[in-house]
2 protein chains.
Amino acid sequence: MTTMIQRKIRNPEQTRSDLLDAAYSEILESGFQAASLERILANTSVSKGALYHHFGTKRDLGLAVIEEVIGPQLEGRWFNMLAQHSDPISGLLKLIEEKIASADESVIRYGCPLNNLIQEMSPLDESFRQSLQKIIESWVEVVAEALKEGQASGKVRADTAPQDIALFIVASIEGCVGLGKNAQSVAAYQRCLEQLKVYIQSLAA
Amino acid sequence: MTTMIQRKIRNPEQTRSDLLDAAYSEILESGFQAASLERILANTSVSKGALYHHFGTKRDLGLAVIEEVIGPQLEGRWFNMLAQHSDPISGLLKLIEEKIASADESVIRYGCPLNNLIQEMSPLDESFRQSLQKIIESWVEVVAEALKEGQASGKVRADTAPQDIALFIVASIEGCVGLGKNAQSVAAYQRCLEQLKVYIQSLAA
DNA sequence: GAAGATACCGACTAAGCGGTATCTTGTCAA
DNA sequence: TTGACAAGATACCGCTTAGTCGGTATCTTC
């Protein structure tokens with residue numbers, strides 16, 4: 001009944017991964033709710049049937065993007081950087097400096113994928129919120145742990161609360177990205193991060 | 001041809017204001033793109049015809065919400081508070097403390113209306129971006145001016161850049177709200193703001 | 001090589017969307 | 001009192017949306 005022009009060779013994992021990538025881009029550009037499955041499909045060569053074979057609903061696709069694309073992206077980088085510095089202050093400064101150096105149009109245009117989804121989805125869908133929260137928590141935890149070790153080795157002021165400071169640092173970063181994004185200004189983003197550096201330096205013992 | 005059950009008395013300004021209020025709530029809950037005109041109308045007793053009499057498009061309605069509801073809400077408060085303190089540090093601390101004290105479920109649930117719209121709309125619609133940017137700029141400006149005056153009167157450290165610091169403070173606040181919102185935790189929000197207080201205190205001469 | 005499972009295809013559906021057209025009614029100035 | 005216009009009402013339109021379904025092609029297993 002219908003003409004069948006299918007892919008000759010099959011590669012389910014590739015198909016799934018293509019969908020995740022395309023969905024990630026679409027969500028980054030439009031947000032989750034305004035993300036269009038038709039557009040995602042148009043940017044891959046995947047059919048609607050294949051999509052719904054791999055993901056039960058649009059929601060499932062979105063959650064998979066968070067857990068399998070956004071999460072790993074963020075955690076790996078921070079974990080590694082802080083692991084290879086014995087002094088957490090240097091490690092944090094290095095990470096911020098890296099952000100300042102690599103700041104470009106696309107960061108300023110789309111902002112932080114994590115923050116975007118938090119602002120849009122966390123009040124609307126509890127599963128999204130929890131998924132995003134897991135990432136935030138492990139991010140904060142990595143920073144807090146580094147600060148604690150720094151306190152133990154006498155490199156970070158002892159009269160501070162690592163957990164709270166870590167939370168504030170993460171919050172500030174998201175804030176800087178958000179403001180830079182709205183100003184459409186790489187310079188504003190960088191100036192904002194420079195102030196965060198000042199704050200971080202003030203944590204040194 | 002059509003049955004006409006209309007409002008007996010007319011009050012165009014009230015109608016317009018009702019629409020703005022209902023649109024504000026709907027946008028706060030669902031974001032702009034997912035905000036439904038039908039739902040907005042259902043929450044007022046206004047007809048679609050009346051809506052489109054007052055606002056040309058959904059976009060126009062959104063822009064009016066930003067300029068006539070969100071903007072004034074924010075600016076008034078910060079301007080007044082900083083005006084009545086000769087010491088900007090005290091003024092800022094007072095504002096943060098007020099935020100900490102008045103933190104409740106609804107702040108944590110919906111977050112900052114301004115930040116929500118920035119993350120969602122600024123990459124998608126240049127008019128939205130500019131409208132939001134005007135608010136951010138005047139917010140940053142109020143803080144920066146207060147800091148400058150503080151420097152002049154010797155209450156704020158002279159070796160700092162008021163404009164950059166103001167930017168960072170605003171960014172941090174948005175970040176704190178955003179993280180508190182995702183954690184669904186008033187306590188986390190408050191802890192985050194407490195750290196901002198520490199930073200602000202460090203600006204004193 | 002047959003059978004069963006997995007992967008994939010694309011036309012279709014129902015609902016919701018923003019927006020429009022055409023109408024009536026309230027208001028107020030002349 | 002009446003004419004003009006602002007304000008409001010409602011039915012309707014075209015379009016997009018997420019999701020479904022019957023069917024087919026490929027792969028794996030025995």
Side-chain angles (χ1 to χ4, degrees), chain A residues 1-27 29-65 120-121 124-125 127-128, chain B residues 1-27 29-65 120-121 124-125 127-128:
Chain A
M1 80 147 35
T2 58
T3 58
M4 288 288 148
I5 306 161
Q6 294 184 192
R7 287 178 160 181
K8 297 282 179 269
I9 48 155
R10 284 191 173 169
N11 195 340
E13 277 128 33
Q14 184 65 47
T15 300
R16 205 188 122 95
S17 146
D18 285 353
L19 284 170
L20 284 175
D21 288 349
Y24 171 78
S25 298
E26 171 73 9
I27 290 172
E29 282 179 36
S30 308
F32 175 75
Q33 296 180 96
S36 158
L37 295 183
E38 314 279 351
R39 272 199 302 267
I40 291 172
L41 294 174
N43 283 337
T44 58
S45 45
V46 176
S47 68
K48 192 161 249 189
L51 191 159
Y52 275 93
H53 175 74
H54 287 282
F55 302 96
T57 61
K58 182 188 179 184
R59 187 163 167 271
D60 290 344
L61 176 60
L63 289 170
V65 166
E120 178 187 6
M121 295 304 296
L124 296 181
D125 188 305
S127 295
F128 270 73
Chain B
M1 81 145 40
T2 59
T3 58
M4 289 286 148
I5 307 162
Q6 295 183 192
R7 287 177 159 181
K8 297 284 178 266
I9 50 154
R10 283 190 175 172
N11 193 341
E13 277 126 32
Q14 184 65 47
T15 300
R16 205 188 123 94
S17 146
D18 285 353
L19 284 170
L20 285 175
D21 287 349
Y24 171 78
S25 298
E26 171 73 7
I27 290 173
E29 282 179 35
S30 308
F32 175 75
Q33 295 180 95
S36 158
L37 295 183
E38 314 280 349
R39 270 199 304 265
I40 291 172
L41 294 173
N43 284 338
T44 58
S45 46
V46 177
S47 69
K48 194 164 246 188
L51 191 161
Y52 275 94
H53 177 74
H54 287 280
F55 302 96
T57 61
K58 182 190 180 184
R59 187 164 166 273
D60 290 344
L61 175 60
L63 290 170
V65 166
E120 178 187 4
M121 294 304 297
L124 296 181
D125 189 306
S127 295
F128 271 74

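Per chain, numbering begins at 1; letters A, B, ... match sequence-line order.
- With rounding to whole Å, A:Asp18 atom CG is found 15 Å from C:dA7 atom P.
- Per the geometry, CG belonging to B:Asn11 stands 13 Å off P belonging to D:dA9, to the nearest Å.
- Atom OG in A:Ser36 sits 12.0 Å away from atom CD in A:Glu29 (nearest 0.5 Å).
- Each of B:Ser47 and A:Gly56 lies near DNA chain D, and the nucleotide nearest B:Ser47 is the one positioned closer to the 5' end.
- Here B:Phe128 pairs with B:Phe32 under the ring pair (Phe, Tyr, Trp, His ring centres under 6.0 Å) rule; sequence neighbours left out.
- For the pairing with B:Leu20, the side chain to side chain contact (heavy atoms under 4.5 Å, CB included) check across B:Leu61, B:Thr15, B:Ile40, B:Thr44 returns one residue only, B:Leu61.
- In this structure, CD1 of A:Ile40 is placed 11 Å from P of D:dT17, rounded to the nearest angstrom.
- Residue B:Glu13 contributes atom CD, which lies 10 Å from atom P of D:dG8 at whole-angstrom precision.
- Sorted by first and then second residue, the salt bridge (charged side-chain N to carboxylate O under 4.0 Å, His left out) pairs involving residues 39-65 of chain A (not counting sequence neighbours) are A:Glu26-A:Arg39, A:Glu38-A:Lys48, A:Arg59-A:Asp125.
- Contact annotation: A:His54 reaches the phosphate of C:dC8 (side-chain N/O to OP1 or OP2, under 4.0 Å).
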Output a table of nitrogen or oxygen pairs between the protein and nucleotides 14-18 of chain C separated by less than 3.5 Å.
residue: C:dC17; atom: OP1; partner: B:Ser36; partner atom: OG; Å: 3.0
residue: C:dG18; atom: OP1; partner: B:Ala35; partner atom: O; Å: 2.9
residue: C:dG18; atom: OP1; partner: B:Lys58; partner atom: NZ; Å: 3.1
residue: C:dG18; atom: OP2; partner: B:Leu37; partner atom: N; Å: 3.1
residue: C:dG18; atom: N7; partner: B:Lys48; partner atom: NZ; Å: 3.4

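- Counting to the nearest Å, the P atom of D:dG8 and the CZ atom of B:Arg16 are 12 Å from each other.
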B:Asp21/B:Ser17 under side-chain contact (heavy atoms from CB on, under 4.5 Å): CA gap, chis, key distance, verdict: CA-CA 6 Å; B:Asp21 287 349; B:Ser17 146; 4.1 Å; yes
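- Between the CG atom of B:Leu61 and the C1' atom of C:dG19 there is a distance of 14 Å, given to the nearest Å.
- Protein atom CG of A:Asp60 is 11 Å distant from nucleotide atom P of D:dT20, rounded to whole Å.
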Check against side-chain contact (heavy atoms from CB on, under 4.5 Å), B:Leu63 and B:Ser127: CA-CA 8 Å; B:Leu63 290 170; B:Ser127 295; 4.2 Å; yes
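- Within the 4.0 Å cut-off from OP1 or OP2 of D:dA9, not a single side-chain nitrogen or oxygen of B:His53 is found.
- Remark: the A:Arg10 side chain and the D:dT26 base include a donor-acceptor N/O pair separated by less than 3.5 Å.
- In this structure, the CD atom of A:Gln14 is 15 Å from the C1' atom of C:dC8, given to the nearest Å.
- A side-chain donor from one of B:Gln33 and B:Glu120 sits under 3.5 Å from a side-chain acceptor of the other.
- The phosphate of C:dA7 has neither OP1 nor OP2 within less than 4.0 Å of any side-chain N or O from A:Thr15.
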